[in-house]
Amino acid sequence: MIKSFFAASNSAQGFKNYYGECFARADRLFIVKGGPGTGKSTFIRRIAERANENGFECEMYFCSSDHTSLDGVLFLSDNGRIGVIDGTHPHPYVERLPGLREEILNTGMFWDRKQLVGNNENIRKLCMEKNRQYDRAYLYLRACGNLRAVINSYIEDMLDIDKMKACISRMMRGIGNGDGYKNLPALVNCIGMKGEAHLDTFEREADKIFVLRGDMGESAFLIELDKCLRDKGMSIRTAYHPIYDREIEGIFVEKMKYWFVNESALTKDCEKSFLEKTKYINMQRFIFKDPSKAEKGDTRYCRRLLDTCVQEAKKCLARAGEAHFELEEIYKSSMDFEALNAYMDESCREMFG
């Protein structure tokens, strides 16, 4: 069975990396190094396919900047839990037990350096443009975070937290206790060079989906749910918001296969596809006072500004993508992919026998 997630995000705090937490479970970790377009994602995908063919439970971690590219895979094999990750910027991985736990797989062994040196000026120019556009995108995303904080400050004044707790307590009544609280990140949304993307892993896996509707305090509800599940010793996967990384947009309770998720975190098509096992929780029921006319006006204004900043950030990320994909073509043209494929096959034999 394959499950798909993101383990990083382009956020209001800059690049947010969850790889350390996600891959701490690996008994053995292969770290793939190399430049753009040198076959890192293809390498990782081939390993994931082999793991799936062998019937191993497999988690695939896609790139938050290019959701079509694979950045990591984690699977439980006959020889323990094995992880393979892209260890290049912006998510480098520091080896703690090199040679014992971690191994380096270097796709850069198969490029023609002379050809790359011949493209020196163009490579430098594209790298600078890519970095410039990412810097601008993060400035816009930081502005989004500040605007979101203003909106949340109004919402928090209206929330009846005690009523939320009572609702959660009723929902969890009769569930029983788990085997110990565990909480692993498992993001399902991203904003990157190819726009926004959603992974429907939890919608598919869930027996019940609880959709929080109303855009009023969903993260506060999920924080209280997390506290309740911690007390019950439940194992959960937490989907953090890709931009507002301090906010939770979904919690998957593994024992019961319950998926609690913000409506804004789902695509319309995805929501329709799983309607038969979906129940809606109206967040308006937890509002104990109506906002004043001035408060309504302020929040509407902040939301308009926030939407504008998100759109501008997406434009910058798209421009960064133009430079990145041009870089990929330069590096691809310098690669000996026949030799790389032989290296991939040898590495797969080492992992799978």
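Throughout, numbering of the chain's residues begins at 1 and tracks the sequence.
- Taking the side chain as every heavy atom from C-beta outward, Tyr331 and Ile123 approach each other to under 4.5 Å.
- Residues passing the ring pair (Phe, Tyr, Trp, His ring centres under 6.0 Å) test with Tyr93: none are found, sequence neighbours excluded.
- In this pair, Phe260 and Phe210 present their aromatic rings parallel. The plane angle is below 30°, not in the 30 to 60° band.
- For Tyr18, the ring pair (Phe, Tyr, Trp, His ring centres under 6.0 Å) partners at least two apart in sequence or on another chain are Tyr240.
- No cation-pi contact links Arg50 to Phe56, judged by a cut-off of 6.0 Å to the six-membered ring centre and 45° from its axis.
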(Q) Using the rule given for salt bridge (charged side-chain N to carboxylate O under 4.0 Å, His left out), can you reason through Glu322 versus Arg319, listing the C-alpha separation, both sets of side-chain angles and the distance that settles it, and then say yes or no? (A) CA-CA 5 Å; Glu322 291 172 7; Arg319 287 193 284 267; over 6 Å; no
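- The aromatic ring centroids of Tyr138 and Phe15 lie 6.0 Å or more from each other.
- Using a 30° and 60° split on the angle between ring planes, Phe252 and Phe202 fall in the parallel class, below 30°.
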Q: Begin with the C-alpha distance, continue with both residues' side-chain angles, and end with the deciding distance and a verdict on salt bridge (charged side-chain N to carboxylate O under 4.0 Å, His left out) for Glu350 and Arg28.
A: CA-CA 12 Å; Glu350 183 181 351; Arg28 195 171 185 200; 2.8 Å; yes
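- Contact between Pro242 and Ser9 at its shortest, heavy atoms only, is O-OG, 3.0 Å.
- Proximity of a side-chain donor or acceptor of Glu254 to a complementary backbone N or O of Ile236 within less than 3.5 Å is not detected.
- Atom-to-atom distance recorded for Asp160:CG and Cys167:SG is 11.0 Å, nearest 0.5 angstrom.
- Residues in residues 274-285 take part in these side-chain hydrogen bond (donor to acceptor under 3.5 Å, both in side chains) pairs, two or more places apart or across chains: Glu271-Tyr280.
- No side-chain heavy atom of Glu129 sits under 4.5 Å from any side-chain heavy atom of Tyr134.
- Considering every non-hydrogen atom in both Ser334 and Leu116, the closest pair reads OG-CD2, 3.6 Å.
- Here the CE atom belonging to Met216 is positioned 10.5 Å from the CG atom belonging to Asn152, to the nearest 0.5 angstrom.
- Classification of Asp27 and Arg81 as a salt-bridged pair fails, no side-chain N sitting under 4.0 Å from a carboxylate O.
- In terms of heavy-atom proximity, Glu21 sits nearest to Pro185 at OE1-CG, 3.5 Å.
- A salt bridge does not link Glu346 to Arg349: none of the charged side-chain nitrogens sits closer than 4.0 Å to a carboxylate oxygen.
- We find that Glu59 and Arg25 are joined by a salt bridge, their nearest charged nitrogen and carboxylate oxygen being less than 4.0 Å apart.
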Q: Please step through ring pair (Phe, Tyr, Trp, His ring centres under 6.0 Å) for the pair Phe352 and Phe75, ending with a clear verdict.
A: CA-CA 11 Å; Phe352 298 103; Phe75 60 91; 5.3 Å; yes
Q | Stepwise side chain to side chain donor-acceptor pair (under 3.5 Å) check, Asn341 with Tyr343 | A | CA-CA 5 Å; Asn341 282 330; Tyr343 178 62; over 6 Å; no
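- Looking only at distances, no side-chain donor or acceptor of His91 sits under 3.5 Å from a matching main-chain atom of Ala8.
- Enclosure of atom CG in Asn120 by more than 12 non-hydrogen atoms of other residues, nucleotides or ligands within 6.0 angstrom is indicated.
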(Q) salt bridge (charged side-chain N to carboxylate O under 4.0 Å, His left out), that's the test. Do Asp290 and Lys296 meet it? Break it down for me. (A) CA-CA 9 Å; Asp290 292 327; Lys296 285 181 179 178; over 6 Å; no
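- Each of Glu196, His241, His198, His67 was compared with Asn189 under the side-chain hydrogen bond (donor to acceptor under 3.5 Å, both in side chains) criterion, and only His198 meets it.
- Enclosure of atom CZ in Arg204 is not indicated, since only 12 or fewer non-hydrogen atoms of other residues, nucleotides or ligands lie within 6.0 angstrom.
- Distance alone, capped at 3.5 Å, places no donor-acceptor pair between the Asn262 side chain and the Ala265 backbone.
- Rounding to the nearest 0.5 Å places CZ of Phe43 at 10.5 Å from OG1 of Thr38.
- A salt bridge is defined here as a Lys NZ or Arg NE, NH1 or NH2 lying under 4.0 Å from an Asp or Glu carboxylate O, and Arg45 with Asp71 fails to meet this definition.
- Listed by chain and residue number, nothing satisfies the ring pair (Phe, Tyr, Trp, His ring centres under 6.0 Å) test with Phe6 (two or more places apart in sequence, or in another chain).
- Taking all atoms of both residues into account, the shortest heavy-atom contact from Ala26 to Ile82 is CB-C, 4.5 Å.
- Between Gly217 and Leu159, the closest heavy-atom pair is CA-CD1, 4.0 Å.
- Other residues, nucleotides and ligands contribute more than 12 heavy atoms inside 6.0 Å of the CE atom of Met109.
- Ion pairing of Glu205 with Lys3 is present here, as a side-chain N (NZ or NE/NH1/NH2) and a carboxylate O approach within less than 4.0 Å.
- Among all heavy-atom pairs drawn from Leu229 and Met172, the shortest one is CD2-SD, 3.9 Å.
- No salt bridge links Glu121 with Arg124; every basic N to acidic carboxylate O contact stays at or beyond 4.0 Å.
- With sequence neighbours excluded, the residues forming a ring pair (Phe, Tyr, Trp, His ring centres under 6.0 Å) with Phe221 are Phe286, listed by chain and number.
- To the nearest 0.5 Å, atoms CG (Leu126) and CD (Glu326) are separated by 4.5 Å.
- With sequence neighbours excluded, no residue forms a side-chain hydrogen bond (donor to acceptor under 3.5 Å, both in side chains) with Lys255.
- Between Glu247 and Arg148 there is a salt bridge, since a side-chain N of the basic residue sits under 4.0 Å from a carboxylate O of the acidic one.
- Between Phe110 and Phe337, the distance from one ring center to the other does not fall under 6.0 angstrom.
- Lys315 and Glu312 are joined by a salt bridge, as a carboxylate oxygen and a charged side-chain nitrogen come within less than 4.0 angstrom of each other.
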Q | Derivation and outcome, salt bridge (charged side-chain N to carboxylate O under 4.0 Å, His left out), residues Arg46 and Glu49 | A | CA-CA 5 Å; Arg46 183 177 297 187; Glu49 288 170 354; over 6 Å; no
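- Panel note: side chain Glu57, backbone Ile2; no donor-acceptor pair is recorded below 3.5 Å.
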